[in-house]
Amino acid sequence: MLGPDNVPLITDESMVAREPAMATFSAIVHSGSEDAPAILGMVARGMRSFDKATAKYWCEWLEVGLEDTPVRDTWRELETMVGTYFPGRGTLFEETYLEGKAEGRAEGRAEDRTALILRVLEKRGIPVPEATRDRITSCTDLDTLTLWFDRSLTATAVEDLFAEE
């Protein structure tokens with residue numbers, strides 16, 4: 001059985017560059033060691049010599065291998081340089097990507113609602129001054145935009161959108 005007693009400890013950054021698979025595996029196997037944070041720091045420094053795609057791959061490989069070990073958080077702080085090769089595993093890169101994707105969807109919904117509000121007002125012949133247009137287009141709160149859309153359906157003036165605010 002492979003374990004800390006028979007898997008060599010990689011302690012040299014140049015070895016990480018030459019043997020990334022062995023260095024990554026070694027860091028995983030020795031993750032229970034009291035020296036694990038220092039080992040991970042050395043591995044991260046060694047991975048800086050890789051091209052972006054290679055660094056991303058080995059960073060994530062190591063994070064997945066660390067699973068729920070106490071040093072996984074240490075590694076997550078060190079691996080901020082790269083994308084995801086292990087979808088569905090909850091790596092830092094994946095979480096960051098998904099957060100950005102969710103923010104993009106929310107921004108897209110806000111832009112759609114803004115466009116609908118302005119279109120309804122236009123079709124109803126209600127003039128929208130530039131300052132009011134800016135107020136509507138700069139709003140990112142979906143609940144507020146939904147309220148303004150609902151009000152745009154019955155408004156007689158653009159000020160009706162903002163009643164009771």
Side-chain angles (χ1 to χ4, degrees), residues 1-119 130-149 165:
M1 179 185 307
L2 294 174
D5 295 333
N6 56 10
V7 172
L9 178 60
I10 305 300
T11 58
D12 179 11
E13 292 174 28
S14 65
M15 183 65 167
V16 175
R18 287 191 315 276
E19 299 287 339
M22 184 58 168
T24 302
F25 184 66
S26 176
I28 292 167
V29 170
H30 293 279
S31 64
S33 159
E34 65 183 31
D35 296 325
I39 294 166
L40 293 175
M42 180 272 311
V43 170
R45 287 187 305 277
M47 287 185 180
R48 288 186 187 133
S49 66
F50 298 157
D51 63 88
K52 188 173 181 177
T54 302
K56 285 169 53 174
Y57 178 80
W58 289 113
C59 282
E60 278 200 84
W61 209 95
L62 180 52
E63 184 179 344
V64 170
L66 290 173
E67 294 180 325
D68 295 326
T69 62
V71 293
R72 184 173 192 235
D73 289 338
T74 301
W75 180 247
R76 289 174 67 109
E77 290 174 18
L78 293 168
E79 70 170 331
T80 56
M81 63 179 111
V82 266
T84 187
Y85 284 94
F86 295 97
R89 296 302 300 242
T91 64
L92 178 63
F93 302 121
E94 183 176 39
E95 288 174 10
T96 303
Y97 168 78
L98 292 174
E99 285 172 10
K101 192 172 178 181
E103 288 171 10
R105 279 195 303 268
E107 288 173 10
R109 285 194 297 269
E111 289 171 4
D112 288 347
R113 288 188 189 161
T114 297
L116 287 172
I117 292 166
L118 294 172
R119 182 162 171 80
E130 195 61 34
T132 304
R133 181 177 298 279
D134 290 345
R135 181 176 178 186
I136 294 168
T137 58
S138 65
C139 182
T140 58
D141 182 76
L142 295 177
D143 291 336
T144 299
L145 290 168
T146 299
L147 176 65
W148 291 350
F149 173 76
E165 282 191 3

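Just so you know, residue 1 is the first one in the sequence shown, and it goes up from there.
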Worksheet item: Are the side chain of Arg113 and the backbone of Phe149 linked by a donor-acceptor contact shorter than 3.5 Å?
Response: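 Side chain of Arg113 to backbone of Phe149, a donor-acceptor pair under 3.5 Å: no, none is there.
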Fill in: Flag, side chain of Asp35 to backbone of Ala38, donor-acceptor distance under 3.5 Å
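Checking the backbone N and O of Ala38 against the side chain of Asp35, no donor-acceptor pair under 3.5 Å is found.
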Which residues pass the side-chain hydrogen bond (donor to acceptor under 3.5 Å, both in side chains) test with [X], not counting sequence neighbours?
| X | value |
| --- | --- |
| Thr11 | none |
| Ser14 | Asp12, Arg18 |
| Asp134 | none |

Please report the interatomic distance [atom1]([X]) to [atom2]([Y]), rounded to the nearest 0.5 Å.
| X | Y | atom1 | atom2 | answer |
| --- | --- | --- | --- | --- |
| Leu142 | Thr114 | CG | OG1 | 9.0 Å |
| Ile117 | Thr144 | CD1 | OG1 | 9.5 Å |
| Thr137 | Leu145 | OG1 | CG | 10.0 Å |
| Asp51 | Lys56 | CG | NZ | 10.0 Å |
| Ile136 | Leu116 | CD1 | CG | 12.0 Å |
| Thr74 | Ile39 | OG1 | CD1 | 11.5 Å |

Worksheet entry | Check against salt bridge (charged side-chain N to carboxylate O under 4.0 Å, His left out), Arg72 and Glu63 | CA-CA 6 Å; Arg72 184 173 192 235; Glu63 184 179 344; 2.9 Å; yes
For [X] against [Y], the heavy-atom pair lying closest together:
| X | Y | answer |
| --- | --- | --- |
| Cys139 | Trp148 | CB-CZ3, 3.7 Å |
| Pro8 | Ser26 | O-OG, 2.6 Å |
| Ala44 | Leu78 | CB-CB, 4.0 Å |
| Trp75 | Cys59 | NE1-O, 3.0 Å |
| Trp58 | Pro20 | NE1-CB, 3.6 Å |

Suppose we screen for side-chain contact (heavy atoms from CB on, under 4.5 Å). Which residues come up paired with [X], at least two apart in sequence or across chains?
| X | result |
| --- | --- |
| Asp73 | Arg76 |
| Phe25 | Leu2, Val7, Val29 |
| Glu111 | none |

If we only count heavy atoms from C-beta on, is the [X] to [Y] side-chain gap below 4.5 Å?
| X | Y | result |
| --- | --- | --- |
| Met42 | Val16 | yes |
| Thr69 | Ile28 | no |
| Glu67 | Ser31 | no |
| Val71 | Pro37 | yes |

Item to complete: Check the pair Leu62 / Leu40 against side-chain contact (heavy atoms from CB on, under 4.5 Å), numbers first and verdict last.
Response: CA-CA 9 Å; Leu62 180 52; Leu40 293 175; 3.8 Å; yes
Item to complete: Evaluate the criterion side-chain contact (heavy atoms from CB on, under 4.5 Å) for residue pair Ile10 and Val43; output intermediate values, then yes/no.
Response: CA-CA 8 Å; Ile10 305 300; Val43 170; 5.9 Å; no
